Amino acid sequence: MFTKILIANRGEIAMRIMRACQELGVKTVAVYSDADQNALHVQFADEAVHLGASAPKESYLNRDKLIQAALHSGAEAIHPGYGFLSENAAFAAAVESAKLKFIGPSADSIRAMGDKAESKILMKKAGVPTVPGFEGLETEAEFKQAAQEIGYPVLIKASAGGGGKGMRVVSQESELQDALELARGEALNSFGDERLLIEKYIAAAHHVEFQVFGDEQGNLIHLFERECSVQRRHQKIIEETPSPVLTSELREQMGAAAVQAAKAVNYFNAGTIEFIFDPSSAQYYFLEMNTRLQVEHPVTELVAGIDLAQWQIRVAAGEKFPFQQKDFMQRGHAIECRVYAEDPASGFLPSTGKLLQFIEPHGPGVRVDSGFAKGKTVTHFYDPLLAKLIVHAENRETAIQKMQNALKNFIVHGVVTNVDFMQAVLAHPDFASGQVTTRWVETVLAVADLAVEKNKPTPEQLISAALAEATLANSSIAAVERRNESDPYSPWRQTNGFRN
Amino acid sequence: MFTKILIANRGEIAMRIMRACQELGVKTVAVYSDADQNALHVQFADEAVHLGASAPKESYLNRDKLIQAALHSGAEAIHPGYGFLSENAAFAAAVESAKLKFIGPSADSIRAMGDKAESKILMKKAGVPTVPGFEGLETEAEFKQAAQEIGYPVLIKASAGGGGKGMRVVSQESELQDALELARGEALNSFGDERLLIEKYIAAAHHVEFQVFGDEQGNLIHLFERECSVQRRHQKIIEETPSPVLTSELREQMGAAAVQAAKAVNYFNAGTIEFIFDPSSAQYYFLEMNTRLQVEHPVTELVAGIDLAQWQIRVAAGEKFPFQQKDFMQRGHAIECRVYAEDPASGFLPSTGKLLQFIEPHGPGVRVDSGFAKGKTVTHFYDPLLAKLIVHAENRETAIQKMQNALKNFIVHGVVTNVDFMQAVLAHPDFASGQVTTRWVETVLAVADLAVEKNKPTPEQLISAALAEATLANSSIAAVERRNESDPYSPWRQTNGFRN
Amino acid sequence: MKLLFDSQPIEIVPTPNGYDVLFDGQTHPVEIARLDKASGQIEFRIGGIAQSAYISFDGAKRWITLNGQTRMLTKTSTARRGARQDSTAGLTAPMPGQVRSVAVGVGEAVKKGQTLLTMEAMKMEIKIQALMDGKIKTIFVAPGATVEREQTLVEMAE
Amino acid sequence: MKLLFDSQPIEIVPTPNGYDVLFDGQTHPVEIARLDKASGQIEFRIGGIAQSAYISFDGAKRWITLNGQTRMLTKTSTARRGARQDSTAGLTAPMPGQVRSVAVGVGEAVKKGQTLLTMEAMKMEIKIQALMDGKIKTIFVAPGATVEREQTLVEMAE
C-alpha cells in the first residue's frame with residue numbers, strides 16, 4: 001500500500017478520497033488554489049500544497065504544478081477525482097513518467113475512450129450496441145439515404161463534438177438540407193472540423209450507466225446500473241439504483257455489454273459505461289465511457305456493498321480485486337441528490353456567496369458527501385456542487401420517503417440551492433412511476449410554476465422574518481460569527497498578547 | 001399508519017425512533033424530566049410534554065404520567081424504546097387499556113419472558129437448548145447429586161435473581177456446602193426468596209444473540225446474530241455481526257431455535273433471543289429474551305438491510321411484515337461501539353458534566369446514533385450512553401479499520417469517555433482473532449496498564465496545552481459560548497429591546 | 001416595530017405571551033417556544049401549531065427555512081422604495097464570473113436579443129443579450145475581466 | 001509565559017515563526033499552521049511533523065485530543081501546589097449521584113473496608129468504604145440526598 005497520496009481535486013470528492021485514505025492508513029496531500037485556501041479539503045488533509053491562482057488552468061488543471069507538488073511532498077501516487085484532469089490521457093502518462101502512480105485506468109484506455117467517434121467505432125467492433133447511424137458521410141444525398149435507412153427523426157452531430165454544439169434533430173426529409181448546413185457551420189466554428197455523423201434520434205431516452213471495476217491483473221466485473229435521467233442542461237441532478245426501467249434480463253445483458261466494452265480497451269480501476277436506453281423498444285446503445293470515478297458512485301457503493309474509493313487505491317497499489325461477478329447482488333434502493341448552489345427559478349443560474357448556514361441531515365441510511373461547511377465561501381471559479389445527499393432504504397418507495405425527509409432537514413443559507421427543486425422532482429408522479437427521461441426537466445416539469453409559487457411569501461415565512469427581526473437582529477449573532485472566523489494565515493498574533 | 005406517536009424514552013433511542021417517525025410522516029411527542037428540559041430529543045420532537053422531577057420514577061418510569069401525556073397530546077401509540085418501561089408487562093397492558101397502541105410485543109409475551117426461571121422451563125418445553133441444570137432442588141444432598149450429574153464447575157444462582165446477586169461458581173464438591181449457604185443468604189436478602197437453581201458453569205462463554213421480528217398476523221423470522229461478548233460489569237460495550245465464532249450451520253440452527261423460542265410465546269414486533277455460546281464445545285444455550293428493540297439493533301439493520309425501528313411502527317399499525325426468511329442474507333460486517341460517559345481507568349466510574357466539545361465522525365459507512373450535542377449536559381440521573389458509533393464495511397477487517405478511524409475522529413470534551421479504551425480493545429490481538437469472551441475485559445485486558453500509560457502526558461500533549469494557553473486562553477471563546485447559549489424558558493425578552 | 005419584507009408591510013408587537021404579528025389586515029398571535037441564537041433557530045406557535053424556522057441575516061436579506069422550504073426575503077426601508085432602476089439600457093452581470101468574449105464595439109448598432117458578450121461562471125456559459133434595439137454607448141469590461149453580480153457590463157443608447 | 005500542567009513545568013516563548021516550548025530541559029520549536037477559535041482546533045508543526053489538536057477549557061482543566069487520544073491536564077499555579085489534603089478520615093463522593101442507604105451511625109466503630117454508605121449514579125451502585133479502622137465522627141448526608149462530586153459524605157476519627 002502507498003504511504004502517501006496526493007489528491008488532485010477539491011470539494012466533496014477530495015474529502016471522499018481522503019476519508020478512504022485515512023481508513024487505509026495512507027497520508028494525504030491536498031492541493032489548493034487561491035480561492036480555496038480556506039477550503040474544507042485543505043483543512044482535512046495531512047498536508048496541503050498551494051498551486052496558484054483561482055482559475056483552474058493555474059491550479060487544478062496545471063499538470064506540471066500537480067506533479068511537482070506530488071514529488072516535492074513525497075507522495076507516491078495521484079488520485080485525480082472526477083472532472084479537472086481525471087480523463088486527461090496526457091496527464092495520466094505524465095504522472096507515470098514522473099514515476100508516480102496514477103490512480104485510475106491506463107493512459108491508453110483513457111485515450112481510446114476519449115474520442116466520441118473513435119470510441120463508437122471501437123465499440124461497434126467489440127459487438128457493443130451503438131446508436132444506429134453512419135460516420136464519414138459527405139454529400140447531402142448520402143445523408144438523405146442514410147436518414148431513410150435509419151428512419152426519421154434523426155440526429156445530426158459534429159464528429160469532433162460535445163456539449164450540444166453542431167447538433168440538430170431532423171424530423172422529416174424537407175428539413176435535412178438546412179439542418180446539415182447549420183450543423184456544419186457550427187461544427188466548423190466550434191471545433192474547426194466540419195465532419196458530421198448521423199444517427200437515430202431517441203426522443204424519450206433514459207440515461208442508464210453501468211459501473212465497472214477491475215484490477216491490473218485482468219479481473220473486471222460490473223457493479224450494476226445507475227439511472228441518471230433527471231438532468232438539467234445535460235448535467236445529472238438525481239441518480240438512483242436499481243433503475244426503475246430495467247428488467248433483470250436487460251440488466252444482465254447490459255452488464256455483460258459494459259464488461260465487454262471495458263475489456264475492449266483493457267480497462268482497469270473504476271469506470272462507467274453510459275448507455276442511452278429507449279424504454280419504448282427496450283433497446284440500449286453505448287453512449288460513452290467515463291474513465292474515472294463518477295460523482296454518483298455512492299449509490300452503487302450502498303446497493304452493491306463495496307467501497308469503490310478504497311478499492312481504487314488498493315488496485316492501484318497492485319492488490320488483486322478479490323471478488324467475482326457472482327459475489328455481488330443489488331440490495332435495497334439508493335438515491336443521490338446533488339445539492340447545487342444554483343437557482344432553479346432563474347434557469348439554474350449559479351449562486352455564489354458565503355454559507356451563513358449549512359446543516360446537514362443525519363440519520364440511519366442517510367449519507368452526506370460534502371465539500372463545504374458553514375462559514376465557507378462558494379466562488380464562481382468551480383462547479384456549483386456543494387454536497388451529495390445519498391439515502392439507502394429497503395425499496396424505492398421508502399428510499400424516496402427517506403430522501404424527502406433528509407432534504408427537508410438540509411438547511412443552506414447564503415447561496416440559493418436546488419434543494420426545494422429536488423423536492424418538487426421527488427414529489428412528481430412521473431418520478432414515482434420511474435418515467436423521467438433525460439429531457440423531462442426541460443419539457444415536463446413546470447419550473448416556471450415553481451418560480452411563481454415562490455413569489456408570494458407564506459404567512460409563516462413573513463411571521464418568521466418578523467420574529468427574527470424582533471429577537472435575533474442586531475443581537476450578538478453577527479458579531480459572534482465574525483469573531484469566530486479563523487484566518488489561516490495571520491492568526492492570533494495580531495490580537496493576542498501574552499500573560500506571563 | 002398512526003398520525004402521532006409518543007416516545008416514552010430519552011437520549012439516542014428517542015432520537016432514533018423520532019427519525020423513523022419523521023420518515024413515515026408520523027408526528028412525534030417527546031417526554032422529559034427536569035434534567036432533560038434542554039435535551040436534544042425534546043428539541044427534535046414535534047411537541048414535548050414535561051413529566052416531572054429528574055428521578056426516573058418521577059418521570060420516565062411513571063406509567064400514569066406517560067399515558068396521560070399520550071392521551072392529552074392526542075398520540076395514538078407509545079413507543080417505549082429500551083430500558084425504562086420497555087419490558088414492563090403491566091405498562092404494556094395499561095397502555096392498551098387506555099386504548100393506545102403499545103409499540104412492541106403483547107403484555108403476555110413480555111410477562112412470559114420476564115421471569116428467568118419460568119422462561120427457562122418454557123424454553124425447555126419448546127425444545128430450545130438451555131444450560132444443563134435443575135430447578136426446584138432443596139437439600140444439600142439433592143444439589144450434590146445434581147452437581148455430579150452436571151459436572152463441575154457448576155453455577156448456583158437465585159431463582160428470582162438478576163444482576164449477579166446470589167450467584168456462586170463452585171469448582172469442586174468440597175466448596176458446595178459453603179456456597180449454598182452464602183447464595184441462599186444473599187438471595188433471601190436481595191429478593192426475599194431463597195430458592196436456588198443449579199446449572200453448568202461455562203467459563204469462557206460468548207454472548208451471541210439473535211434478532212427476531214414478526215408481525216401481528218403470525219409471520220416471524222430471525223435476522224441473524226449479534227456477537228456481544230465485549231462487556232464490562234455485564235454491560236455490553238462493543239457489538240458486531242456476523243459473529244466471528246459461528247459457522248453457517250450453527251447460525252442456521254441457532255436462528256431456528258430463536259424463532260422457535262419466540263413462537264413459543266406468540267411473539268410479535270422486535271425481540272432478541274440471547275444465547276450463551278461455548279466455543280470449546282460449540283454448544284449454545286438459551287439465556288433470556290429481551291422483549292424490545294436492543295441498543296445494538298443498528299448492526300443488524302446494516303448487515304441485514306432493514307430498518308427495524310420503522311418496521312416496529314409499521315407492524316404495530318397493523319401492517320403485514322412482507323418478508324420471509326429467505327429474503328434476508330448477511331452482507332458485509334458491522335460493528336457498534338457504545339460511547340459511554342465513564343472513566344475506564346477508574347473502574348468505569350460514570351463521568352458527568354457539560355459537553356464542551358462533541359464532534360461526531362462522518363464518512364461513508366459510518367453511522368452515529370447520538371443523544372447529545374455540544375453544550376448539552378450529562379447528568380447522573382440516567383445511563384451514561386452518549387452515542388453509538390456504528391460502521392459497516394465489506395468484511396470484519398475493514399470494519400475494524402473503519403471503526404478505529406471513526407473513533408479517532410470522535411471528539412468529546414467535558415466528560416471522560418471510553419473512546420480511547422475501545423481503541424485499545426479494537427487493537428488487541430484477541431479482538432482481531434474473535435476470541436473475546438464475556439469476562440475478557442475483566443480478566444484479560446490490562447485496564448490497569450491503560451491507566452498507567454496515561455499518567456505521563458506526551459510531549460505533544462504538553463505542547464498543545466501550552467499553545468492553547470498562548471493562543472486560545474482568555475480569548476473570546478468562553479465569552480462567545482456563554483452568549484450563544486439558548487435559554488428555552490425566558491429567551492430574548494430580558495435582553496433585547498425593540499427598534500421601531 | 002414596523003417592517004417591510006419584499007414590499008409586504010408587517011408590524012410586530014410584543015404581548016404578554018409572545019408577539020402579535022400583523023399584516024394583510026390580520027393579527028397573528030405568536031408564542032415563542034425556544035430561541036437558539038447560535039443556529040438562528042426559532043421555535044414558535046401560531047394558533048397552537050408548532051413551527052420551527054432557521055433564519056440567517058445577510059445585509060438586508062433574510063434566509064428563512066421553514067418546513068424544509070428555503071426562501072429569501074429582502075428587508076426594505078420605506079424611504080428606499082421604488083428607487084430600483086428598471087432601465088433596459090444598462091446590462092448587468094446576472095452573477096459573478098469572468099467575461100469570456102465581447103462581441104460588439106462602441107457605437108455599433110444592435111438588435112434586441114443580439115448577444116453582446118459572453119460570461120463564464122461555474123463551468124457555464126452565459127450570454128448577455130440586448131434588451132432593446134439601439135447603439136452601444138459604453139463597454140465597461142474586457143475579455144478576461146472578473147465581474148461581480150450586478151456589475152454593469154454594457155450601456156446602450158436608443 | 002511559564003505554565004504548570006499536571007505538575008510539569010513548561011515555558012512557552014514566542015518566536016518569529018511561532019513558539020518555542022520548553023520542558024524537561026528540551027526546546028521544541030513549534031509553527032502554527034491554523035487556529036480555529038470556534039472549535040478550539042490548533043494545527044501546528046513540531047520538527048516538520050503536522051499535528052492537529054482540539055482543546056477545550058474547563059476552569060483549570062484542559063481537555064486535549066491529539067491523534068484521536070483524549071486526555072485531561074490540570075493547570076496549577078505554583079502557589080496552590082501541595083494544598084491537596086490526603087486524609088483518610090474524610091470520605092468524599094467519587095462522582096455526583098444520590099445516596100441510597102447509610103449503613104452506620106455516628107459514634108459507631110468501623111473496620112477498614114467496611115461499607116459505610118451506598119450511592120447510586122447512572123444505574124450503578126457505588127459502595128463508600130472506610131479507608132481505616134476508626135469511629136464515625138459525622139455523617140453529612142441522609143438516604144435520598146443528591147450529592148456533588150467530591151462532596152464530603154462521612155468524617156471519621158481514629
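Labels below follow one simple rule: chain letters A, B, ... track the order of the sequence lines, proteins then strands, and each chain is numbered from 1. Here the structure is a predicted model, which is why all the values come from computation and not from measurement.
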Closest contact, heavy atoms only, C/Met1 versus A/Glu469: CE-O, 3.7 Å

Which portion of C/Phe23 sits near chain A, non-hydrogen atoms under 4.5 angstrom: side chain

Heavy-atom pairs under 4.5 Å with chain C, option from A/Thr458, A/Val416, A/Asn405 with the top count: A/Val416

Interface moiety of C/Ile64 toward chain A, non-hydrogen atoms closer than 4.5 Å: both

Pairwise side-chain contact, A/Pro457 with C/Arg71, heavy-atom cut-off 4.5 Å (strictly under): yes

Interatomic distance, A/Lys354 atom NZ to C/Ser56 atom OG [nearest 0.5 angstrom]: 11.0 Å

Counterpart residues, salt bridge (charged side-chain N to carboxylate O under 4.0 Å, His left out), relative to A/Lys408 (two or more places apart): none

Distance (rounded to the nearest 0.5 Å) between A/Ile463 CD1 and C/Ile12 CD1: 9.0 Å

Donor-acceptor pair, side chain of A/Gln357 and main chain of C/Ser39, under 3.5 angstrom: yes

From A/Leu356 atom CG to C/Asp58 atom CG, the distance as rounded to the nearest 0.5 Å: 4.5 Å

Rounded distance [0.5 Å steps], CD in C/Gln51 versus CD in A/Gln461: 10.5 Å

For chain C, the option from A/Asp383, A/Thr379, A/Val412 that forms the most heavy-atom pairs under 4.5 Å: A/Asp383

Test log, rule side chain to side chain contact (heavy atoms under 4.5 Å, CB included), inputs C/Leu35 and A/Leu467: CA-CA 10 Å; C/Leu35 187 80; A/Leu467 289 175; over 6 Å; no

Between OG1 on residue C/Thr65 and CD1 on residue A/Ile359, distance to nearest 0.5 Å: 8.0 Å

Counterpart residues, side chain to side chain contact (heavy atoms under 4.5 Å, CB included), relative to C/Glu148 (two or more places apart): C/Gln151

Closest non-hydrogen atom pair, A/Ala468 against C/Phe57: O-CZ, 3.6 Å

Verdict with reasoning, C/Trp63 to A/Ile411, per side chain to side chain contact (heavy atoms under 4.5 Å, CB included): CA-CA 10 Å; C/Trp63 297 85; A/Ile411 296 164; over 6 Å; no

Interatomic distance, A/Lys456 atom NZ to C/Asp6 atom CG [nearest 0.5 angstrom]: 10.0 Å

Atom group of A/Leu385 that falls short of 4.5 Å from chain C, counting heavy atoms: neither

From CA spacing to verdict: side chain to side chain contact (heavy atoms under 4.5 Å, CB included), C/Ile55, A/Ser464: CA-CA 8 Å; C/Ile55 297 139; A/Ser464 302; 4.0 Å; yes

A/Pro459, part contacting chain C, at a heavy-atom distance under 4.5 Å: both

Residues C/Thr70 and A/His413: side-chain donor-acceptor under 3.5 angstrom: no

